[in-house]
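Single-structure report; data block below.
Order of appearance sets the numbers: ligands from 1, and atoms from 1 within every ligand.
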Amino acid sequence: MNEERDDYAVSAEFYDVLQARRDELRVHRLYAHAVGDARLGVLDVGSGTGRVALMSLAESRVAVHAVEPARAMRAPLMSRLASLPTELRDRVTVHALPLNEAALHRVADVAVCHNTVAALPPAERHALWPAVADALVPGGSLLLELPPSRLPVHDIVRALPIQRFGEHEYGGRMSMSTEGDRIRTRFDYWVRGSAGLLREHTETFWMWPASRDQLVDDLGRHGFTAVPGERNPDVLTVSLPS
Ligand SMILES: C[S@@+](CC[C@H](N)C(=O)[O-])C[C@H]1O[C@@H](n2cnc3c(N)ncnc32)[C@H](O)[C@@H]1O
């Protein structure tokens, strides 16, 4: 029996509220083409609330493996999947473990790792790559969203666009600062009504920067080669030999 992780316990409530629409378009733009070419299966590493998994169900005809260890993120993922027609539900399997504990062997020819690698410490990344290689068939490819390439020189603060739900407004901000070899990434969320602030919440994550070349090197040790001609600077595509 695996130990449940409590990550994203605060952020899960606000994740789709503040970021879903914009990220849905981005996920489609970055991965729909590759997912549409899948002939065996799609592996979604770090599914979160399910953006890549849902896009993959819509854009492919193959099995989708959604891997999500955090219970807080899995709850909205499962609710979304529960609302799908049976034909789509029959194609998606949720694995409630980190990928390196999920024992997936040759289940997919396309893997996507969106907005996930940045928050994995180097040791967890090193455990992830062989598990991705194992889950793919020969010739399979991995598309991953690159983490920040370096530590920020100055603190960065970004407001998340305000969203209205009935009488309330939801908002937040993300603040990034360097601490040692990591990026401290703090999310502050708030909910306001007509009389003012109703509640505030905070959750802090850590991110570890890595350059594209570093990741190509790391993945090379597990049999992956960079696919030439990558058009998006935020994505790295690597593949296994056929
Ligand atoms: C920032 S969220 C992104 C979720 C989703 N990919 C998205 O962009 O909406 C990163 C997710 O990766 C999951 N995760 C962390 N370590 C993982 C691992 N070793 N294997 C699979 N998923 C992992 C976390 O639980 C979290 O839900």
Report yes or no: is the cationic atom of Arg125 (NZ for Lys, CZ for Arg) closer than 6.0 Å to the six-membered ring centre of Trp129, at no more than 45° off its axis?
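The answer is no, since Arg125 fails at least one limit relative to Trp129.
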
Yes or no: does [X] have any heavy atom under 4.0 Å from an atom of ligand 1?
{"X": "Thr116", "result": "yes"}
{"X": "Leu120", "result": "yes"}
{"X": "Ala119", "result": "no"}

Among all residues two or more places apart in sequence or in another chain, which pass the side-chain hydrogen bond (donor to acceptor under 3.5 Å, both in side chains) test with Gln163?
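Testing Gln163 for side-chain hydrogen bond (donor to acceptor under 3.5 Å, both in side chains), a comparison that skips the adjacent residues, returns none.
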
Side-chain ion pair, Arg184 and Glu179, N-O less than 4.0 Å
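Salt bridge: yes.
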
Suppose I only count heavy atoms of [X] and a 4.0 Å limit; which atoms of ligand 1 are within that range?
{"X": "Asn100", "value": "19 (N)"}
{"X": "Pro98", "value": "18 (C), 19 (N), 20 (N)"}
{"X": "Asn115", "value": "1 (C), 2 (S), 3 (C), 8 (O), 10 (C)"}
{"X": "Ala70", "value": "25 (O)"}

Using a 4.0 Å heavy-atom cut-off, say whether Met73 meets ligand 1 through its side chain, its backbone, both or neither.
side chain

Okay, side chain of [X], backbone of [Y]: is any donor-acceptor separation there less than 3.5 Å?
{"X": "Ser211", "Y": "Gln214", "value": "yes"}
{"X": "Ser79", "Y": "Leu77", "value": "no"}
{"X": "Asp109", "Y": "Arg39", "value": "yes"}

Which option wins on minimum heavy-atom distance to atom 6 (N) of ligand 1: Ala12, Gly48, Gly46?
Gly46

Out of Tyr15, Tyr8, Phe205, whose heavy atom sits nearest atom 10 (C) of ligand 1?
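Minimum heavy-atom distance to atom 10 (C) of ligand 1 goes to Tyr8.
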
Would one find an N or O of [X], backbone or side chain, under 3.5 Å from an N or O of ligand 1?
{"X": "Thr49", "value": "no"}
{"X": "Leu99", "value": "yes"}
{"X": "Glu68", "value": "yes"}

Which heavy atom of Val132 sits nearest a heavy atom of Ala111, and at what distance?
CG1-CB, 4.1 Å

Taking the six-membered ring for Trp and the single ring otherwise, decide whether the centroids of Phe165 and Tyr170 are under 6.0 Å apart.
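So the answer is yes for these two rings.
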
Would you say the ring centroid of Phe205 lies under 6.0 angstrom from that of Tyr8?
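Ring centroids of Phe205 and Tyr8 are less than 6.0 Å from each other.
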
